[in-house]
**Student:** 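What follows is a single structure, and I will ask about it in a moment.
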Amino acid sequence: MSEERSLNFIEEIIEEDIRNGKNDGRVHTRFPPEPNGYLHIGHAKSICLNFGLARKYNGKTNLRFDDTNPEKEETEYVESIKEDVRWLGFEWEEELYASDYFDQIYSFAVKLIEKGLAYVDDSSPDEIALQKGTPTEAGVANQYRSRSIAENLLLFSEMKEGKYKDGERVLRAKIDLASPNMHLRDPIMYRIRHVNHHRTGDTWCIYPMYDFAHGQSDSIEKITHSICTLEFIPHRPLYDWFIDELEIFPTKQYEFARLNMTYTVMSKRRLLQLVNEGFVNGWDDPRMPTISGMRRRGYTRDSILEFCDRIGVAKRENVIDVSLLEFCVREDLNKSAWRRMAVLDPLKLVITNYPEGQEEIFEGENNPEVEGGDGSRAIPFSRELWIERDDFMEIPSKKYFRLGPGLMVRLKSAYIIKCDDFVKDEQGNVTEVHCSYIPESKSGHDTSAIKVKGTIHWVSIPHASKAEVRLYDRLFNDEDPMSNGKDFLEIINQASLQVMPEVYMEPDMAHAEMGRGYQFIRKGYYTLDKDSVEGNLVFNRTVTLKDTWAKEVKKG
RNA sequence: UGCCCGAUAGUAUAAAGGUAGUACAACGGUUUUUGGUAUCGUUUGUCUAGGUUCGAAUCCUGGUCGGGCAACCA
């Protein structure tokens, strides 16, 4: 399966393993989320990697929930995770749970006790932390470390029986209190938690730590390539030690750099905070970097897959520019979104030489990028139209080629018009623009020979369909919301959501379909929101169009 | 300052000892009934000092810088 495209470092390892006949050429990965939050775009990178590798090398991928901390885990999260993985287009080999292995993991613990490699410690968390030393000072042993195997066995089974309260005792591995690797200084394997678990209920009151469950779960599943993020590098020797001492399948772990993105926070803890403290409206708020939020916002599956493909996989810490994500969704939507006209900030335009009461129906292609236009829709036209307020300038600048006194533009799919006059109210606001149209310039049958530089969108006033539109901007004002000294909550962009309650759209939009991308011509990509009800449709702006004019204006 | 990772344009990512390439971003043309799309072009890079070699982004050594590790979280 070698092609021109270069391999990332994990693919190189896998191809090397296959060449060497390791694991009989088998490739088995897993995606192991903890069900304590919704998946985000960073998880999408991991999903694409794990499932993508299996797909590429004819292997399998398990979906395994690492549910070893019952205090934070919920079934709601399990369901959302499954939905998101499926939506991304991946199928797991098996749906598994670390909690399925609790019996087995318990017996692993017993085995280590029997080998004299684990002991029950009665110390408090503070004491344990203190005895652990620091990175530059070795830890010290306490009296419990030398307990007999028999006593450890008894105590551990009593822990399981529920004889002790939360925090009274823990089971620890007996490794090396002087190890330069802090994770090898007698790490905790089991703790007591009298809490209901989302799957095992009240069966257990002791739960294995992640470090005593993750590696073994991989091993139990005979995972060949256990792929995780960089912060687990120092844990690897511990997992290898457990696997060695337990004499179980030797899963190998490989670490890559997690995704970071400008203007984005990417930790479940902080995302949960945004949700809980009401800065956003739930995990699937379209401003969230969650898969569900992005889906609701209008991001397509393909655009996310393409993004994950483009960012690459390496070990270097990285911060991806969100503009790459935006590029990917524009690129995809440009090919699939149906073009429609919508006026967000309306200004009335009257075509003075167009007979009152007359109307015409124009035809507009759904998508000019598609061969044949991907079908078409009817667009009614009449004497009075809505146009965008910023498509008229009382005193136009030199490079402005829209409407202004004496200027001509084409109304998209209709006629060329000339601005003759405009009306202002007492405050000096323009309230109406008066134009005359050129009958010979009819779209598709233009014999006028007039060339205009600008084309603007419009909506016929008597035919307009009204809807609510929600405009989103970045959630944070700073490119690095976590930059030192700043509380990320303080740099939240207060204007990240702008609601336009009455947007005028061409009548066809009354039949907008859920899940479809629409390009409001010159205004961006939009999609129907789940808050829509009959008679009150709501659209989310997925992303604006690239806007070189806005840049020009900014430059001044 | 103990251990562990890493360092290539603004941001990412290739080049497996032999021409430093690609994408996004930025900037400038062309085309255009979307100031969109498409297309062409431009600017910007191997952290540093030594060493090995005919030849180093790549291998070795020292340094610098960035990140991680001392939760009964994952």
Side-chain angles (χ1 to χ4, degrees), chain A residues 5-8 12 32-34 36 66-69 71-73 121 123-125 128-130 132-139 166-172 178-185 187-193 206-207 209-211 213-214 228-237 255 257 262 268-269 310-328 330-331 334-335 339 341 368-369 399-402 409-414 416 441 443-444 446 451-457 519-524 544-553:
Chain A
R5 257 200 94 173
S6 55
L7 305 175
N8 66 47
E12 278 174 10
E34 183 191 14
N36 67 343
D66 273 342
D67 52 353
T68 53
N69 182 4
E71 289 172 309
K72 290 185 177 170
E73 295 150 8
D121 192 328
S123 310
S124 70
I128 289 179
L130 219 60
K132 238 179 198 170
T134 68
T136 51
E137 292 166 80
D166 286 6
E168 239 176 88
R169 290 190 158 87
V170 290
L171 182 71
R172 288 228 256 169
S179 172
N181 182 342
M182 297 298 291
H183 296 277
L184 260 21
R185 318 248 267 226
I188 291 167
M189 294 159 60
Y190 265 92
R191 77 286 214 183
I192 302 170
R193 279 294 107 93
I206 57 171
Y207 292 95
M209 298 291 292
Y210 174 85
D211 276 351
H214 185 83
C228 64
T229 45
L230 258 27
E231 67 268 31
F232 292 101
I233 290 175
H235 298 240
R236 190 186 341 121
E255 309 87 3
T262 54
K268 278 197 266 185
R269 202 199 102 226
R310 282 173 180 257
I311 58 180
V313 177
K315 296 190 78 156
R316 176 167 32 144
E317 303 269 356
N318 60 85
V319 184
I320 306 287
D321 202 323
V322 283
S323 64
L324 180 61
L325 220 208
E326 293 174 345
F327 167 83
C328 290
R330 284 192 190 107
E331 183 188 44
N334 178 49
K335 288 181 284 187
R339 313 290 127 124
M341 293 196 282
E369 299 294 318
K399 284 193 238 166
Y400 186 85
F401 41 90
R402 304 179 191 175
V409 295
R410 172 172 291 280
L411 293 172
K412 176 76 183 171
S413 302
I416 290 175
S441 68
S443 185
D446 190 346
K451 290 274 177 233
V452 291
K453 271 190 284 185
T455 299
I456 65 172
H457 60 281
Q519 185 198 96
F520 292 169
I521 291 170
R522 303 206 302 140
K523 291 271 109 182
T544 60
L545 253 28
K546 229 174 96 187
D547 192 348
T548 51
W549 172 245
K551 246 185 240 170
E552 192 68 34
V553 171

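In what follows, every heavy atom counts, from backbone to side chain, and hydrogens, waters and symmetry copies are set aside. Numbers restart at 1 for each chain; the letters A, B, ... are given by sequence-line order, proteins then strands.
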**Student:** Heavy atoms only, 4.0 Å cut-off, all strands: where does A/Gly524 land among base, sugar-phosphate and nothing?
**Tutor:** nothing

**Student:** Can you tell me if A/Glu137 uses its side chain to pair, donor with acceptor, with the backbone of A/Gly133 under 3.5 Å?
**Tutor:** no

**Student:** Both distances below 3.5 Å, Watson-Crick or wobble geometry, any strand: find the nucleotide opposite B/G36.
**Tutor:** none

**Student:** Would the base of B/U34 count as contacting A/Thr455 through its side chain, where contact means a donor and an acceptor less than 3.5 Å apart?
**Tutor:** no

**Student:** Taking only the C1' atom of each, what is the distance from B/U32 to B/G36 in whole angstrom?
**Tutor:** 10 Å

**Student:** Rounded to whole angstroms, how far apart are CD on A/Glu137 and P on B/G2?
**Tutor:** 13 Å

**Student:** Just name whichever nucleotide pairs with B/U64, Watson-Crick or G-U, keeping both distances under 3.5 Å, else none.
**Tutor:** B/A7

**Student:** Provide the distance between the two P atoms, one in B/U46 and one in B/G63, to the nearest whole Å.
**Tutor:** 23 Å

**Student:** Within the structure, does a side-chain N or O atom of A/Arg522 lie under 4.0 Å from either OP1 or OP2 of B/G35?
**Tutor:** yes

**Student:** B/C72, OP1 or OP2 - any side-chain N/O from A/Ser124 closer than 4.0 Å?
**Tutor:** no

**Student:** Strictly below 4.0 Å: does A/Arg330 bring a side-chain N or O up to OP1 or OP2 of B/U34?
**Tutor:** no

**Student:** Return the 5'-most residue of the pair A/Asp446, A/Ile192 with respect to RNA chain B, ranking by each residue's nearest nucleotide.
**Tutor:** A/Asp446

**Student:** When rounded to the nearest Å, what value does the distance between C1' atoms of B/A9 and B/C47 take?
**Tutor:** 14 Å

**Student:** Do the charged groups of A/Arg191 and A/Asp166 touch, with an N to O distance under 4.0 Å?
**Tutor:** no

**Student:** Mind checking who B/G18 pairs with, Watson-Crick or G-U wobble, both distances under 3.5 Å?
**Tutor:** B/C54

**Student:** Looking only at N and O atoms, is any donor in the side chain of A/Arg193 or the base of B/C72 less than 3.5 Å from an acceptor on the other one?
**Tutor:** yes

**Student:** Just the rounded figure in Å: distance from P of B/G35 to NZ of A/Lys551.
**Tutor:** 15 Å

**Student:** Nearest to the side chain of A/Met209, which nucleotide is it out of B/G35, B/C4, B/C72?
**Tutor:** B/C72

**Student:** With the sugar-phosphate defined as primed atoms, P, OP1 and OP2, and the base as all remaining atoms, what B/S/- string results for nucleotides 11-16 of chain B, 5' to 3', for protein heavy atoms under 4.0 Å?
**Tutor:** SSBS-B

**Student:** When rounded to the nearest Å, what value does the distance between C1' atoms of B/C59 and B/G2 take?
**Tutor:** 28 Å

**Student:** As a test of reading the structure: which of B/A70, B/C72, B/G36 is closest to the side chain of A/Pro135, going by heavy atoms?
**Tutor:** B/A70

**Student:** For nucleotides B/U58 and B/G17, find the distance between their P atoms and express it as a whole number of Å.
**Tutor:** 12 Å

**Student:** Using modelled atom types and a 3.5 Å cut-off, is there a donor and acceptor pairing between side-chain atoms of A/Arg185 and backbone atoms of A/Lys132?
**Tutor:** yes

**Student:** Any strand counts, and the cut-off is 3.5 Å on both contacts for Watson-Crick or G-U wobble. Which nucleotide pairs with B/A74?
**Tutor:** none

**Student:** Counting side-chain heavy atoms from CB outward, which of B/C72, B/A25, B/U33 is closest to A/Lys412?
**Tutor:** B/U33

**Student:** Which listed nucleotide (B/U1, B/U34, B/A70) is nearest to the side chain of A/Thr136?
**Tutor:** B/U1

**Student:** Between the base of B/G36 and the side chain of A/Glu369, is there any donor-acceptor pair under 3.5 Å?
**Tutor:** yes

**Student:** Looking at A/Arg191, I'd like to know whether one of its side-chain N or O atoms comes within less than 4.0 Å of OP1 or OP2 on B/A74.
**Tutor:** yes

**Student:** Over all strands shown, is A/Tyr400 touching base, sugar-phosphate only, or nothing at heavy-atom distances under 4.0 angstrom?
**Tutor:** base

**Student:** Could you check which of B/A25, B/A74, B/G35 has an atom nearest any side-chain atom of A/Asp547?
**Tutor:** B/G35

**Student:** Would you mind telling me which of B/A25, B/G35, B/A74 lies closest to the side-chain atoms of A/Phe401?
**Tutor:** B/G35

**Student:** Using the P atoms only, state how far B/U64 lies from B/A49, rounded to an integer number of Å.
**Tutor:** 15 Å

**Student:** For A/Asn36, which of A/Glu73, A/Glu71, A/Lys268, A/Lys72 qualifies under side-chain hydrogen bond (donor to acceptor under 3.5 Å, both in side chains)?
**Tutor:** A/Lys268

